[in-house]
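Below: the structure, in structure tokens.
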Amino acid sequence: QAQLVESGGALVQAGDSLRLSCAVSGLTFSNYAMGWFRQAPGKDRACVATITYYGDSIYYTDSVKGRFTIVRDNTKNALYLHMNGLKLEDTAVYYCAAHRTSLRLRTGDAEYWGQGTQVTVSS
């Protein structure tokens with residue numbers, strides 16, 4: 001029984017930084033690509049970033065390139081999203097997700113999802 005638990009969401013000001021965390025249990029972490037998704041009001045859930053086990057393949061959606069960094073700590077079965085220069089349009093519920101194939105994550109598929117954590121950016 002896999003479990004993904006996000007934390008770190010908060011209400012922040014535009015321009016601030018924030019780190020989201022995802023604690024993973026109940027699966028073999030090395031077998032999974034991991035990713036972050038977000039769903040903003042009035043929008044579909046969208047892929048933010050994905051990372052393979054060794055970090056040799058990393059993907060970012062265009063809107064976050066240069067501002068967000070996805071990191072995984074394989075010794076802790078943890079996934080992180082470092083967010084800098086937050087903008088109003090980054091406001092969303094952020095979800096951690098896992099799939100054995102990173103390409104499937106980018107298209108919105110996941111074998112496992114977390115419950116999400118709210119990030120709200122105000123001006």
Can you give me the closest heavy-atom contact between [X] and [Y], atom names plus distance?
{"X": "Leu79", "Y": "Cys96", "result": "CD2-SG, 3.8 Å"}
{"X": "Arg104", "Y": "Thr107", "result": "O-OG1, 2.9 Å"}
{"X": "Gly114", "Y": "Tyr95", "result": "O-CD2, 3.6 Å"}
{"X": "Val119", "Y": "Met83", "result": "CG2-CE, 4.1 Å"}

Just wondering, do [Y] and [X] contact through their side chains at under 4.5 Å, heavy atoms?
{"X": "Leu11", "Y": "Ser122", "result": "yes"}
{"X": "Leu88", "Y": "Ser123", "result": "yes"}
{"X": "Leu4", "Y": "Glu6", "result": "no"}
{"X": "Val48", "Y": "Tyr60", "result": "no"}
{"X": "Asn74", "Y": "Tyr53", "result": "yes"}

For Asp62 and Lys65: C-alpha separation, side-chain torsions, deciding distance, then whether salt bridge (charged side-chain N to carboxylate O under 4.0 Å, His left out) applies. CA-CA 5 Å; Asp62 286 345; Lys65 286 181 179 177; 3.1 Å; yes
Would you find a donor on one side and an acceptor on the other, under 3.5 Å apart, between the side chain of Arg45 and the backbone of Gln39? no
Are Val64 and Val12 linked, directly or through intermediate hydrophobic residues, by side-chain heavy-atom contacts shorter than 4.5 Å (ILVMFWY only)? yes
Cut-off 3.5 Å, no hydrogens considered: what does the side-chain donor-acceptor table look like for residues 16-36, sequence neighbours left out?
residue : atom : partner : partner atom : Å
Asp16   : OD2  : Gln13   : N            : 3.0
Ser17   : OG   : Asn84   : OD1          : 2.8
Trp36   : NE1  : Tyr80   : O            : 3.3

Between [atom1] on residue [X] and [atom2] on residue [Y], distance to nearest 0.5 Å:
{"X": "Arg72", "Y": "Ile70", "atom1": "CZ", "atom2": "CD1", "answer": "8.5 Å"}
{"X": "Asp44", "Y": "Phe37", "atom1": "CG", "atom2": "CZ", "answer": "12.5 Å"}
{"X": "Thr50", "Y": "Ile58", "atom1": "OG1", "atom2": "CD1", "answer": "8.5 Å"}
{"X": "Leu105", "Y": "Glu111", "atom1": "CG", "atom2": "CD", "answer": "8.5 Å"}

Will you find, in the side chains of Tyr94 and Arg38, an N or O donor that is under 3.5 Å from an N or O acceptor?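 Looking only at side-chain atoms, Arg38 and Tyr94 do form a donor-acceptor pair, the distance falling under 3.5 Å.
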Does any donor atom in the side chain of Thr91 or Glu89 lie under 3.5 Å from an acceptor atom in the other side chain?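 Not at all, the side chains of Thr91 and Glu89 share no donor-acceptor pair under 3.5 Å.
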